[in-house]
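What follows is one structure encoded as structure tokens, with my remarks underneath.
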Amino acid sequence: MQLQFAMDTLTTEAALDLAGKAAPYVDVIELGTPLIKSAGLSAITAIKEAHPDKVVFADLKTMDAGELEADIAFSAGADLVTVLGVAGDSTIAGAVKAAEAHGKGIVVDLIGVPDKAARAKEVVALGAAFVEMHAGLDEQAEEGFTFETLLRDGEASGVPFSVAGGITTETIEAVQASGARIAVAGSAIYSADDVAAAASALRDAISEPASA
Ligand SMILES: O=C([C@H](O)CO)[C@H](O)[C@H](O)COP(=O)(O)O
């Protein structure tokens with residue numbers, strides 16, 4: 001299983017600093033939605049130029065204009081771009097068309113999708129590289145939140161999936177056991193006093209070596 005670092009910070013400078021500290025321990029560097037909205041597409045270019053050996057993930061969460069939005073993110077340097085699973089099939093198909101033109105990939109974020117396992121099958125059939133079983137920051141803050149359902153949905157989907165939703169060193173082993181391709185960790189790394197140590201601890205908690 002691979003480790004993805006989601007940077008929900010607001011400036012390119014902060015993102016470059018975080019990425020520099022965490023990069024030795026992670027496979028995928030994600031520019032979070034708030035970062036891209038705040039700093040713009042140039043933040044994607046800056047991260048890719050600083051880390052050309054890493055997979056750069058642009059969390060656009062596109063809902064419409066799939067081909068256009070994906071195209072501008074790939075042109076800026078992204079390797080993977082997200083489209084929302086609640087978007088229409090034509091939006092996802094358009095984003096996949098842009099990915100094919102660039103030789104890159106679309107990830108469908110299933111945040112807010114009621115039946116994640118069923119939608120996962122549909123969007124992979126449309127050409128998505130994989131899906132993200134995701135509970136967002138607001139859902140995580142709701143009373144009684146548990147991400148166990150994300151793991152069950154991932155297993156039930158039968159398609160390649162990542163998991164995001166407040167993953168920590170205490171929970172990452174369960175994510176791996178679910179068969180996830182990638183564990184996405186944001187606040188567990190960027191909110192830590194020692195960012196490098198937090199990323200390293202998550203890496204150490206993954207028992208199998210990183211694979212492509
Ligand atoms: O995608 C995310 C969220 O919607 C804000 O952009 C987070 O990056 C994702 O949830 C991972 O972060 P943590 O939940 O803090 O691990």
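Read the numbers this way: they start at 1 and go in the same order the structure lists the ligands and their atoms. All figures in this text were calculated on a predicted structure; none of them were measured in a lab. The figures here come from the full heavy-atom set of this structure, side chains too, leaving out hydrogens, waters and symmetry mates.
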Backbone of A76 reached by a side-chain donor or acceptor of T45 within 3.5 Å: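 Yes, T45 side chain to A76 backbone: donor-acceptor pair under 3.5 Å.
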Straight-line distance of L60 CG to L31 CG, nearest 0.5 Å: 9.5 Å
State plainly whether the residues [X] and [Y] are in salt-bridge range, i.e. N to O under 4.0 Å.
{"X": "D27", "Y": "R203", "answer": "yes"}
{"X": "E122", "Y": "R119", "answer": "yes"}
{"X": "D17", "Y": "K21", "answer": "yes"}

Considering only non-hydrogen protein atoms, determine which one is nearest to [atom] and report residue, atom name and distance to 0.1 Å.
{"atom": "atom 10 (O) of ligand 1", "result": "H134 NE2, 2.9 Å"}
{"atom": "atom 4 (O) of ligand 1", "result": "K61 NZ, 2.8 Å"}
{"atom": "atom 14 (O) of ligand 1", "result": "Q140 NE2, 2.7 Å"}
{"atom": "atom 16 (O) of ligand 1", "result": "G186 N, 2.8 Å"}

Near [X], which atoms of ligand 1 are under 4.0 Å from a heavy atom of that residue?
{"X": "T33", "answer": "6 (O)"}
{"X": "A185", "answer": "16 (O)"}
{"X": "S187", "answer": "13 (P), 15 (O), 16 (O)"}
{"X": "A6", "answer": "8 (O), 11 (C)"}
{"X": "G166", "answer": "13 (P), 14 (O), 16 (O)"}

Geometric N/O contact [X] with ligand 1, under 3.5 angstrom:
{"X": "I111", "result": "no"}
{"X": "D8", "result": "yes"}
{"X": "G32", "result": "no"}

Side chain, backbone, both or neither: the part of D59 lying under 4.0 Å from ligand 1 by heavy atom: side chain
P34 contact mode with ligand 1 (heavy-atom cut-off under 4.0 Å): side chain
Pairs where residues 167-180 contributes a residue and the test salt bridge (charged side-chain N to carboxylate O under 4.0 Å, His left out) is met, not counting sequence neighbours: none
Closest contact, heavy atoms only, L150 versus K116: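 Closest approach of L150 to K116, heavy atoms only: CD2-CE, 3.9 Å.
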Ligand 1 contacted by A188 (non-hydrogen, < 4.0 Å): no
Summary of side-chain hydrogen bond (donor to acceptor under 3.5 Å, both in side chains) pairs that have at least one residue in residues 131-141, sequence neighbours excluded: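 Those involving residues 131-141 are D109-H134, E132-H134.
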Contact check, side chains of L18 and T9, non-hydrogen atoms, under 4.5 Å: yes
Residue pair K61 / T82, side-chain donor-acceptor N/O under 3.5 Å: no
